[in-house]
Amino acid sequence: MASLSLQGLVKRYGHTQVVHGIDLEVADGEFIVLVGPSGCGKSTTLRMIAGLESVTAGTLRIGDKVVNRLEPKDRDIAMVFQNYALYPHMSVFKNIAFGLLAAKRPKDEIETKVKRAAEMLGLTAYLDRRPSELSGGQRQRVAMGRAIVRDPSVFLFDEPLSNLDAQLRGQVRTEIKRLHQTLRTTTIYVTHDQVEAMTLADRIVIMRDGRIEQVGTPLDVFHTPASIFVAGFIGTPTMNFMTLPAARDGVAATLKLGEGAVIPVSSAIVGARERVVAGIRPDDLRVETAGTGATLRPGEVRFEGTVIIAEPLGTATQVTLRAHGHELVGMADGRLLPASGETVAVTVDTKLAHFFDPDGARLRG
Amino acid sequence: MSGPAASLFDADRPWRVALAERPGLVVAWTLLVIGAIVMMTPLAYMIGTSFKAPHEVYEINLLPHEPTFENYIFIFEKTRFGLWFVNSVVTSALVTISVLFFDALIGYTLAKFEFRGREFVFIAILSTLMIPTEMLIVPWYVMAKNFGWLNSYWGIMFPGMMTGFGVFLMRQFFMGVPDDYIHAARIDGLSEFKIWWKVAMPLVTPALSALGIFTFLGNWTAFLWPLIVTNDRALYTLPVGLASFSGENLTDWELVMAGATIATLPTLVVFIVFQRYIIRGVVLAGLKG
C-alpha cells in the first residue's frame, strides 16, 4: 500500500493540452473517485498514473518514489479496464494468474493466490472456464481478481461498471466497496456516473476540461459544491438554477424570484452583484396541491407554479413546473400525481439554497 | 443457416413447395450446381486420368476402362518425385512460417506503435503490392546470382519470406485488437515482444489462418521462380518437377496427372487444419463481450 501524489500533472498531445496541471494528494488506503463528463481528462489522468500515457510535465509519486519515467510494470499498480481486457484464449485461472506467471513466481504461490482471490470473488467454480462462457458481472470479477492477486500498492479502475446493466452495476459496486474495506488498498477509480462516485469514494475529485473543479468527501461536494458545474453534476435530478436580480437593504439582501416571492440572503453573498444564481436541489423544492400547504417555517418561501409534466417514481413524484418564468423540478408526495397544466403550491427552504456568482463560483455568506 | 436455406430444409414442408414459393432459390441452386460442376470436372478428370494407361489418356471418359496404379509406381520409382515433394513441403512450410512470423510482427508494429515515419513505412510496404511478380524476376535473379543463392532452398524461398500483402492484412487485423488488452499485459509486466506473442497473436488467429493458407498454397503451386532459380533436378519443387514430364514432342499426361493428384493432398490437409482455426476464431470473436 502507498500514498499517491500528483503535482502539477500536465498532459499534452501535440498542441492540444488535455490535462492542465493537476495537484492531488491521496492518502494511503484512500478510495478516490475521479468523476466528470467525457473529455474532462479523468481517464487520461488515470492512464498517466498507470504509466500507459507519458507525463508531459509535473511530478507523479507513488509512495515516496517519483514514477514519471517508470514502466507500468515497475509502478506496483494493478488496473481494471472498462471492457475488462480478459484474454479470451485463456481460462479464468490463467487470466487471474497471468501477471504472476509473467513475473515467474513459484507455482504454489500462484496457485494459493489465485485460489484465495477466486474465493474472495466467488469465482472458484469458474476457474476452468473461458471468459466467453461468463456473464458480464463474472467477467468483471475476473478482472478484479487479476488485479487483486498482484497485491499492488495502488488499484486503478477505469469505468469498470459501464458495461453492466443497472441492477448488476449496483451489485458489483457493493462488491468493490466491500473489497476495498477488506484490502484497504489505495484506489483511484474513474467514472462518469455520479452515483458511483458518491457511494464509493472517500473523497471525490470532480474534473472539467482537464482541471480539478473540487475535491471533497461525497457529502462535502453534495452540500457545498464549489461551483455551478459541481452543483449541476452531483445529485439527480439536477439542481435547479435560477439567475435572479439582487436587491440590497443594509445587512440584509434579497433575490427576487417573482412578484411576491423573494429569497432573503445575507448581503455578503450579494456583494456588489446585480445578479446571483440561486441553486435549489429538487428534493428541497416541495410540490403540494395548491392551497393545502402547511404553515411556512422560518426561511421557507412559497409560490405558485404550473405543472408541465409529472413523473411518478413511487416514493415520490418528480414534477417539472414553470413558476415566475423559471422551469423548475421539484418533488411531490408519491401519492400525488398532478395533471399537466394544474396549478400547484411550491415551497422552498431557502436555508438549503446554494448561491453562485454568474461566473460559476460558489458565494459564501 | 439463415432464413431461405433453412426453410428449404424444413422437415414439414416438401422441398417442391418451398422452391415454388421462392423462385430465387431455384436460380441460386442452379448456379451453385453449375459452379460445382465447372470446378469439380477438371479435378475428377485429373484423378481419373492418373489411373489410366498411356493409350487411354486422350479418351474423354472420366473413369478408366482398365484402372492401373502403374503411373503412381512409375513416378515414385523412376523419377525423383519423392524428393520434389519434400522440396515443396520444406520450402512452402518455411516460407509460410516466415511470413506468419515477420508479417504479423511488422503488421503489429505498424498498427500499435506510434513512431515518426510510420505512415511512410506502411505506404512503402503497401506499394510493393503494385509491382507484378514478373517484373521482379530479373532483379531477383541478379540478386540470387550475385549472392550465390542459385540452386539452393534459400534461393527458392527468399523472395517470399515477407510479403506486403501479409503485412497489410495483419496490420488491419491488429488495429481491431482493443488497446486495453495490450495495456493490461503491459501492466502485468510482459515485454513488448511477449505482449505480441502471447496476447495479440492469439487474438488474430483467423487472420493468421487465412494468411497461412494463402501463403502455403501460393508457394506450393509456385512455378515460374522455382523454375528459374533451380537447374539441379534434385532441387525442383513439385510444379517444376511435374512440368519436366513434358518433353519437347511428348507430354506424359498420365504421369503429370498422377503427380498432380498427389500434389493436391497437402493443400487439402493445410486447408482442413487451418479452416478449423478460422471458424473457431470467428466464434471466439462473436462471443467477446
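Heavy-atom basis, side chains included; hydrogens, waters and symmetry copies ignored. In what follows, chains carry the letters A, B, and so on, assigned in the order in which the sequence lines appear, proteins first and then strands, with residues in each chain numbered from 1.
Although no hydrogens or angles enter the test, the distance criterion places no donor-acceptor pair under 3.5 Å between the side chain of B:Y181 and the main chain of A:P88. Judged purely by atom type and a 3.5 angstrom limit, A:R146 has no side-chain atom pairing as donor or acceptor with the backbone of B:A184.
The environment of OH in B:Y153 is crowded: more than 12 heavy-atom neighbours from other residues, nucleotides or ligands sit within 6.0 Å. Counting heavy atoms of neighbouring residues, nucleotides and ligands inside a 6.0 Å radius, atom CD of A:Q167 does not exceed 12 of them. Taking a 6.0 Å sphere around NZ of A:K94, one finds it holds 12 or fewer heavy atoms contributed by other residues, nucleotides or ligands. Other residues, nucleotides and ligands place no more than 12 heavy atoms under 6.0 Å from the CZ atom of B:F120. Within a 6.0 Å radius of CG in A:D128, other residues, nucleotides and ligands contribute 12 heavy atoms or fewer. The 12-atom threshold is exceeded at CH2 of B:W149, counting heavy atoms of other residues, nucleotides or ligands nearer than 6.0 Å. Within a 6.0 Å radius of NZ in A:K177, other residues, nucleotides and ligands contribute more than 12 heavy atoms.
The minimum heavy-atom distance between B:I187 and A:L52, with the atom names listed, is CD1-CD1, 4.2 Å. The shortest heavy-atom contact between B:K198 and A:H89 is O-NE2, 3.0 Å.
In terms of heavy-atom pairs under 4.5 angstrom with chain B, the leader among A:A147, A:A143, A:A85, A:P72 is A:A85. Counting heavy-atom pairs under 4.5 Å between each of A:Q82, A:R47, A:R75 and chain B puts A:R47 at the top. If you tally non-hydrogen atom pairs under 4.5 Å between each of B:L190, B:I182, B:D188 and chain A, the highest count goes to B:D188. Contact count against chain B (heavy-atom pairs under 4.5 Å) is highest for A:R150 among A:E133, A:E71, A:R150, A:M90.
With rounding to the nearest 0.5 Å, the separation of CG in B:D180 from OH in A:Y84 is 12.0 Å.
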